[in-house]
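Structure first, commentary second.
As the structure lists them, so they are numbered: ligands from 1, and atoms in each ligand from 1.
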Amino acid sequence: MYSAKVLEHLENPRNVGEIENASAIGKSTNPVCGDMLQLYLRLRDGRIESAGFLVQGCPPSIAAGSVLTELVTGMSVEDAGRMAPRDITTALESLPRNKEHCSVLAIDALRDALKLTP
Ligand code: FES
């Protein structure tokens, strides 16, 4: 039911935890399922130097947070601001239809960290 990529991120989630001296922190909550994700970014010269996350939620939300931190590390803030939930779903190969909103949770935390309005 989960893609190989989701399972791989569940077995070995990347960048779990707060990062020291974070320049930006974003939070998101899905009011329906109650999952919560916190994203920590360290920015330097317009780029995301490092990222970390904490999540309280379902397995795909863990995988979404994990792959998000991988994708944004090294990315310009401008490019990160253009990321969309489908980028998370694509990077995870696929998400079950009833878990597609977990990709939104990750992107909402990124947009909050970058203080972008949806
Ligand atoms: Fe809602 Fe995972 S079930 S974000």
Does M83 reach the side chain of L71, with side-chain heavy atoms less than 4.5 Å apart?
yes
For a 4.5 angstrom cut-off between non-hydrogen side-chain atoms, does Q56 reach D35?
no
Please name all residues satisfying salt bridge (Lys or Arg N to Asp or Glu O under 4.0 Å) with E78, sequence neighbours left out, ordered by chain then number.
R82
If you look only at pairs with a residue in residues 48-61, which of them pass as a salt bridge (charged side-chain N to carboxylate O under 4.0 Å, His left out), with sequence neighbours excluded?
R42-E49, R44-E49
Near atom 1 (Fe) of ligand 1, meaning under 2.8 Å, the protein N/O/S atoms are C33 SG, H101 NE2
Using side-chain contact (heavy atoms from CB on, under 4.5 Å), reason through L114 and L41 one step at a time and then give a plain yes or no.
CA-CA 9 Å; L114 300 176; L41 301 176; 4.0 Å; yes
Contacts of type side chain to side chain contact (heavy atoms under 4.5 Å, CB included), residue R14, not counting sequence neighbours
E8, H9, N12, S66, T69, E70
